[in-house]
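Naming: A, B, ... by sequence-line order, numbering from 1 per chain.
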Amino acid sequence: MRANIQSYLHKFLKPISHPPSSLLHLHTTTSTSPHHTQFNLNPPLKSQNKDEPTNHSQRDNKFNEAIDVLCQQKRLKQAIEMPDLVRSPAATATYSALINLCLHLRALKEAKRVHAHMKSSGFVPGVFISNRLLDLYCKCESFVDAQQLFLPNPGRDLCSWNIMISGYAKAGRVKEARSLFDGMPERDNFSWTAMVSGYVRHDQPDEALELFRVMQRYEGIKCNKFTVSSALSASTAIQALGIGKEIHCHVTRIGLDSDAVVWSSLCDMYAKCGNIDEARYIFDKTVDRDVVSWMAMIHRYFEDGRREEGFALFSDFLKSGMRPNEFTFAGVLNACAVETLEDLGKQVHGYMTRIGFNPFSFPASSLVHMYSKCGDIDNAKKVFDLMPHPDLVSWTSLINGYSQHGQPNEALQLFELLLKSGTKPDRITFVGVLSACTHAGLVDKGLEYFHSIECKHGLKHSTDHYACLIDLLSRSRRFKEAEDMIDQMPMKPDKFLWASLLGGCRIHGNLALAKRATEALFELEPKNAATDVTLANISATAGKWGEVAKIRKTMDDKEVVKKPGLSWIEIKRKVHVFVVGDLSHPRSKEINDFLGDLSKRKKEEGYVPQTENVLHDVEEEQKEQNLSYHSEKLAVAFGIIATPPGTAIKVFKNLRTCVDCHMDIKFISKIVGRKIIVRDSNRFHCFEDGRCSCKDYW
DNA sequence: CTAGGGTTAG
């Protein structure tokens, strides 16, 4: 059948004056849907008559039908050739189909060709067609063409104005939209809504709300579900719970509360103003919840760290019989990745397999992401290998997975494969590649990749790339080059870059440069405890105890924010969370006894801490008392006593693991003969038989 | 024909 059509179309690409009658055959054999036939056999609408004043030169109907068929098959290239074959104008419906297809594909050039054909064939478009074109030009942000069409002419109506306003507003040219809005002869709901939503989209919530207020005073203009949801987004954006509540009342009063989107905006407003439970209340009351409302609600729980409720709701969602879509899986898997809930992720994976999900679709890349994030690089690779054409996200996730998992060489090999596959890497891919070089200590290779970003791949260096490079250089003590780079870079260094430099200074005890980095950091984020703590550490290592005391004092003075260190471990589908010195766990006593025993054995084996006088709180997590254990050690200890001998332990931490714990866990892995995996905020550490995969280089 | 909510890689 397909070959048949092809050959028919082939004939059509040659200019011919009389299309073969076989075209009718083509039409009837391809139109399986009743919709299709209806579209073509319908008599022209009234407005279409107006559009076709040149009836005498009307071309053969079969031509129009052929174009319509091509349009329905979304074969724009062939469809667009057709009108040029005949000088007479096409039918209005045919032009409309062509423009629709161009609009769908955002094909500006082709649309212009259609437009040109209309002009040259003497077709005078009615307001319907010219508005469609106008919409297309606006959506393609081709405002010069749009303006030309829009210029004062008898064919423009209120709708044309609205299209222009909405076009400018969507493109972020809110001022132009507003001046049209102010100058228009009459306004309807569309005009107001386009303007309000334009302000919301482009970060001007105050203007949006102001206009919304003005609108209420106009007779004859009633706000509808569109204006209301935009106004709700505006109050959400400025966290104005009060205004949001007012709109909520208004919605109930005027009876707009039967629309899924209005409800969804309401939920969003309450949630983003810090009231998730109220959002849930509204969610429960929503009558026709669609997939979007479900996912938004589920997502809110995850964002707020309420993972149990998030997954409970997800399970309700599945039970409700609602058809999950691609976003559903992507969203939940992403939550599993963020929360490192591998078991649940696997369940979702199983579910996807049962309902026969498409490995081409993007949830497959969410699976790769989830497995990589959970440290299950083998499964990540398995899913990846099943994908016929892995997309950039999958490549990048896997490259990063390998890089963070202490297998930088695999990461780099994978990157070379990516290049061979013809996929174009982007900014983020290179972050993974550069950090792989850092983890592997491949400085020169990293420099080479860094330069290739601009030279070979035609991408611009971003601050992230510079931060990676500074990380790479300063960790290998190449401070001079790092400083030169910072002085030469075309943009302002960001906090990640300075923090990388500071980290390098800590490793190599470079106090002078550390001061430069901390000064810059104090300016960028004055209240981050990590900066002070690191500087204190470097000073302590250098024996400058006076400096240390000073730093301690300034920390007290400016009330720095300490991010609490958390470690967690998933055992039998339950997540156990620990903080420093945590005594709240039911098996707390056993955990502490275990760690106490361990210290004794450490001493017996002649283990001497290398950093006797150094402050141990390298990163944000501070040692509250000398006797308390850091969260990662508690979680590891619990893992060991709660699982049978030989089981691998997997612990996650929200901050970077400290030097002391790192050393202790190496020791633990040797004594108990277990594989211990700790994922900190930076990377994975795989401890086995007294060694760590990061080779102490992190 | 013109308008609104959630969108996966560091």
Side-chain angles (χ1 to χ4, degrees), chain A residues 47 96 99-100 103 126-136 138-139 157-167 169-170 188-198 200-201 224-234 236 256 259-269 271 290-300 303 325-335 337-338 361-370 372-373 391-401 403-404 425-436 462 464-465 467-468 496 681-683:
Chain A
S47 68
S96 170
I99 295 172
N100 265 339
L103 189 63
V127 72
F128 178 85
I129 285 286
S130 84
N131 277 345
R132 297 240 40 164
L133 254 175
L134 191 63
D135 189 34
L136 189 143
C138 285
K139 291 215 166 100
D157 60 359
L158 178 58
C159 184
S160 326
W161 283 90
N162 289 340
I163 291 170
M164 283 304 280
I165 291 171
S166 136
K170 274 198 182 139
D188 65 357
N189 271 328
F190 283 97
S191 337
W192 289 91
T193 313
M195 217 43 243
V196 173
S197 74
V200 175
R201 270 168 197 252
N224 57 20
K225 54 188 183 177
F226 298 104
T227 16
V228 162
S229 48
S230 285
L232 280 170
S233 308
T236 306
L256 283 176
D259 182 77
V261 179
V262 170
W263 283 97
S264 177
S265 312
L266 268 175
C267 281
D268 206 42
M269 188 274 294
D290 57 7
V291 181
V292 178
S293 348
W294 276 95
M295 282 320 295
M297 193 63 231
I298 292 169
H299 184 75
R300 275 173 209 126
E303 266 208 321
N325 65 12
E326 296 182 324
F327 287 112
T328 324
F329 291 128
V332 172
L333 286 172
N334 188 43
V338 172
S361 58
F362 74 98
S365 57
S366 304
L367 272 173
V368 177
H369 172 51
M370 185 274 293
S372 299
K373 260 277 162 50
D391 62 349
L392 186 59
V393 174
S394 314
W395 283 102
T396 309
S397 298
L398 199 59
I399 289 173
N400 269 304
S403 154
Q404 295 182 334
D426 72 352
R427 188 176 65 84
I428 299 172
T429 318
F430 278 104
V431 174
V433 172
L434 292 175
S435 66
S462 68
D464 306 313
H465 299 147
C468 289
F496 298 107
S681 59
N682 204 32
R683 59 166 300 150

Can you pull out every salt bridge (Lys or Arg N to Asp or Glu O under 4.0 Å) where at least one residue sits in residues 427-436 of chain A? Sequence neighbours excluded, please.
A:Arg427-A:Asp464
With sequence neighbours excluded, tell me which residues meet side-chain contact (heavy atoms from CB on, under 4.5 Å) with A:Ser366.
A:Ala330, A:Leu333
Any chance you could list the contact pattern along nucleotides 2-7 of chain B? Use B for base contacts, S for sugar-phosphate-only contacts and - for none, protein heavy atoms under 4.0 Å, 5' to 3'.
BBBBBB
Just how far, in rounded Å, is P of B:dT8 from CZ of A:Phe329?
17 Å
With sugar-phosphate meaning primed atoms plus P, OP1 and OP2, does A:Asn400 contact a base, only sugar-phosphate, or nothing at under 4.0 Å between heavy atoms?
sugar-phosphate
Report yes if at least one side-chain N or O of A:Lys373 is closer than 4.0 Å to OP1 or OP2 of B:dT8; otherwise report no.
no
Excluding sequence neighbours, so at least two apart, what forms side-chain contact (heavy atoms from CB on, under 4.5 Å) with A:Ala296?
A:Arg300
State which residues pass side-chain contact (heavy atoms from CB on, under 4.5 Å) with A:Thr396; sequence neighbours excluded, sorted by chain then number.
A:Leu392, A:Asn400, A:Ile428, A:Thr429
Sorted by chain and number, sequence neighbours left out, salt bridge (charged side-chain N to carboxylate O under 4.0 Å, His left out) with A:Lys225 holds for A:Asp259
